Each structure stands twice: as structure tokens, then as C-alpha cells.
Amino acid sequence: MITEKTLFAQHVEKGLSASSKFLSSMYFYDKKGEGLFRQIMNLDEYYLTNCELEILMFQGHEIAHLLSDEHLEIIELGAGDGIKTKELLRHFPKDSTVYRPIDISEQAIIDISKKMSDWIPNLKVEGICGDYFKMLDNLKSNNKKVILFLGSNLGNMNDEQAKGFIQQLNLVMQKGDQLLLGLDLIKPKNIVLPAYNDSKGITSEFNLNLLDRINKELGGDFDRTQFEHVAIYNENEGIAKSYIKSKIDQTVSILENDTSFHFKKGELIHTEISRKYDLDIIRNIIDNTSLHLDHQFTDHKQYFTNLILTKH
Ligand SMILES: C[S@@+](CC[C@H](N)C(=O)[O-])C[C@H]1O[C@@H](n2cnc3c(N)ncnc32)[C@H](O)[C@@H]1O
């Protein structure tokens, strides 16, 4: 059987031997990475969390009303800590709603299952640990489904990947099922960039933790003091990108698959994209699906949006 460790090692080998080096942001979330992401969510500069929280706190009742049904399965992809989600879930009837958070992090699933049951007693919670890309087919059922994909997680995919992913969701959804998408809106660089390069250096720590994770789990010998975090935002395309940059010429070895990789001074490892949206971009992404954009909610600054899409 292929283990998570083998998959991680294969990914690292593929990413670091490519001509433009890359590592997937999916691997940010080990225990330390999760803790760091929670700190990021509390930063003033990381406006995304507060904006979406504001929408769900103040308009959650109306959103829940538009999503409700007699028997409802609410499936959350990449659920994280659930702090925002509880503001929505508290408006659904407890006896006829099942909440299924999916996350690749086992700890996140253990924590959210416990906390959500404490926050909303009597809500049925069935946490699932795994990669949501691989488990969409398991989500088919006869009850009405609402899929939550919050926190602008879609923005970690390029538009082609996002299109493919939404098409996959469209296939597992039945007529009347709904998708609640949380998306960060396009806005100026002076607002967006600090969210990915904060003054306390927590986003930098979060990005570089990937190297620590490779050292710890795969026997790598990255000297993280010889690498640095770089974030850029291209206002015209509306995409923030994060990289890890090698400060010197150096070679790094990884015991797990007996490999070594050379880094030139200034060479970049691409680790994350964070796409920002407007309605035209999202309409292009849902094109060729039977999903209709029915409702849009925004925070008072109009930085962030939650969209309800219904399968017709
Ligand atoms: C940016 S956080 C967002 C959490 C939450 N949705 C929010 O809005 O606050 C991303 C979450 O998705 C999880 N994740 C990332 N890639 C995943 C994948 N392929 N399958 C399942 N979970 C994933 C991470 O473990 C993390 O908890």
C-alpha cells in the first residue's frame, strides 16, 4: 500500500527536480503548520478571515435559509478549525442536518469534530480525514447536499485546475444541491500583499515550515537559514504567489528517496498561489457546468464574497 509518506516523498522529488521548482501548498499543514495558519488567521493583515467571519456572523441566517432542506448533508472541504463555519451551522435544524468536515489533517478533523459538537450540541458531526480531491465520489447520496468551500481555498488552484475541480463537484452534485464558495475579491496590492508577507513574519515561518517538514519526515538536510520567504502580487492578473528562495548556491539531500537537489543562488521554489476573483472570472470557471450563480454576499468593505451556486 502506498503510504502518505511515500506520496509526500514522491511529490517532493517531482517538485524539486522540475526546471521551475515547486512544492504543493497541501503540505503546509502538519501540526506546526496548522498552528501557524491559525496565527495567520488572527493577524490584522490577513483580512480574509475577518471578512468571511463578518459575512457568516451577520448574514449567516439568510444564507442558511437559502440552503436549508428537510434532510441536509453539509460537507465542508478543507474544513480547518471551523470557527467561521459554526456561525453558519448554528442556523440549521439540529435533528435533520449532518455536518461532514473533510480535511487532510487528522488533528484538524479530531479538533473540529469535538469543538463543533461542543459549540452546537445535538448537531450530528461525522468528520472525514483525507484528500478532498480523492474522495468526491464517496460523497454521492440521496439527501440534499450543501458543499462548503470557504476561506478562498479555491484560489489555491490556477483557473484551469479550478475549472476541473468545479466540474468534478458538478458531477457529484444532484439537481438542487448547492455549493457555498468563499472567495477573496480582486483589490489593490497594498491590501493584498501584507496578507502573504506580514510584519511579524508568521507567513514566512508558515512557508519555510515546509522545509522543516521535509527534514523531519523525509530525512532532508535543508538549512532553513539559507532560504527565505518571498511573496508577490500581480495586480493585473489578481494572483498572489509565494515562493521559497535559496540565498546561496547549495545542494540538499533527502534520505527517504536517496536524492539530492541543487539550488542556485536566488532560485525559487513556488509553494502557493492565492487567486483573487471577480464575477467574470468565476463565471468563466463555472462555465460548462450546470451550476448557476444564485446569490452573492459580501462584507461591508467588499473585500470578500460568499456565493451560493445551485445545480440545475
Ligand atoms: C487555508 S485552510 C482553510 C480552512 C478553512 N476552510 C477556513 O476557511 O478557515 C486550508 C485547510 O484545507 C486543508 N486542506 C488543504 N488541502 C487539502 C486537500 N487536498 N484535502 C483535504 N484538506 C485539505 C488544510 O489542512 C487546511 O485545514
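Just so you know, these numbers come straight off a predicted model, no measurement behind them. For ligands, and for the atoms within them, numbers begin at 1 and follow the listed sequence.
- More than 12 heavy atoms of other residues, nucleotides or ligands sit less than 6.0 Å from atom NE2 of H292.
- The pair D95-K124 fails the salt-bridge criterion, with no side-chain N (NZ, NE, NH1 or NH2) lying under 4.0 Å from an Asp/Glu carboxylate O.
- No part of L77 comes within 4.0 Å of ligand 1, judged by heavy-atom distances.
- Defined by atom type and a distance below 3.5 Å, a donor-acceptor pair is present between the side-chain atoms of K144 and Q178.
- Side-chain atoms of E267 come within 3.5 Å of backbone N or O of K264 as a donor-acceptor pair.
- A 6.0 Å sphere centred on NZ of K94 holds more than 12 heavy atoms belonging to other residues, nucleotides or ligands.
- Residue contacts with ligand 1 include M41, since one of its heavy atoms falls under 4.0 Å from the ligand.
- Judged by distance alone, the side chains of N207 and T271 do bring a donor and an acceptor atom under 3.5 Å apart.
- Close approach of ligand 1 to G80 (heavy-atom distance below 4.0 Å) involves ligand atoms 4 (C), 27 (O).
- Between I104 and ligand 1, at least one N/O pair is under 3.5 Å apart.
- Residue G78 places at least one N or O, backbone or side chain, under 3.5 Å from an N or O of ligand 1.
- Atoms of ligand 1 found under 4.0 Å from any heavy atom of G130, numbered from 1 in the order shown, are 20 (N), 21 (C).
- Less than 4.0 angstrom separates some heavy atom of G151 from each of these atoms of ligand 1: 8 (O).
- Atoms of ligand 1 found under 4.0 Å from any heavy atom of K84, numbered from 1 in the order shown, are 7 (C), 8 (O), 9 (O).
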Verdict with reasoning, K145 to D69, per salt bridge (Lys or Arg N to Asp or Glu O under 4.0 Å): CA-CA 9 Å; K145 272 190 301 298; D69 203 75; over 6 Å; no
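- No donor-acceptor distance shorter than 3.5 angstrom exists from the side chain of T298 to the backbone of T305, with no hydrogens or angles considered.
- Every atom of ligand 1 is numbered from 1 in the order shown, and the set under 4.0 Å from a heavy atom of F133 is 19 (N).
- Regarding atom 19 (N) of ligand 1, its nearest protein heavy-atom neighbour is D131 OD1, 2.9 Å.
- Summarising the contacts of atom 26 (C) of ligand 1 with D103, N153, T49, L148, the nearest heavy atom is found in D103.
- Aromatic pair F37/F28: centroids not less than 6.0 angstrom apart.
- Under the 4.5 Å side-chain contact rule for hydrophobic residues, M41 and F149 share a cluster.
- Contacts of S25 with ligand 1, taken as heavy-atom pairs under 4.0 Å, are absent altogether.
- Put simply, no part of A108 is less than 4.0 Å from ligand 1, judged by heavy atoms.
- Of the heavy atoms in Y132, both backbone and side-chain atoms come closer than 4.0 Å to ligand 1.
- At a 4.0 Å cut-off, not a single heavy atom of G82 sits close enough to ligand 1 to count as contact.
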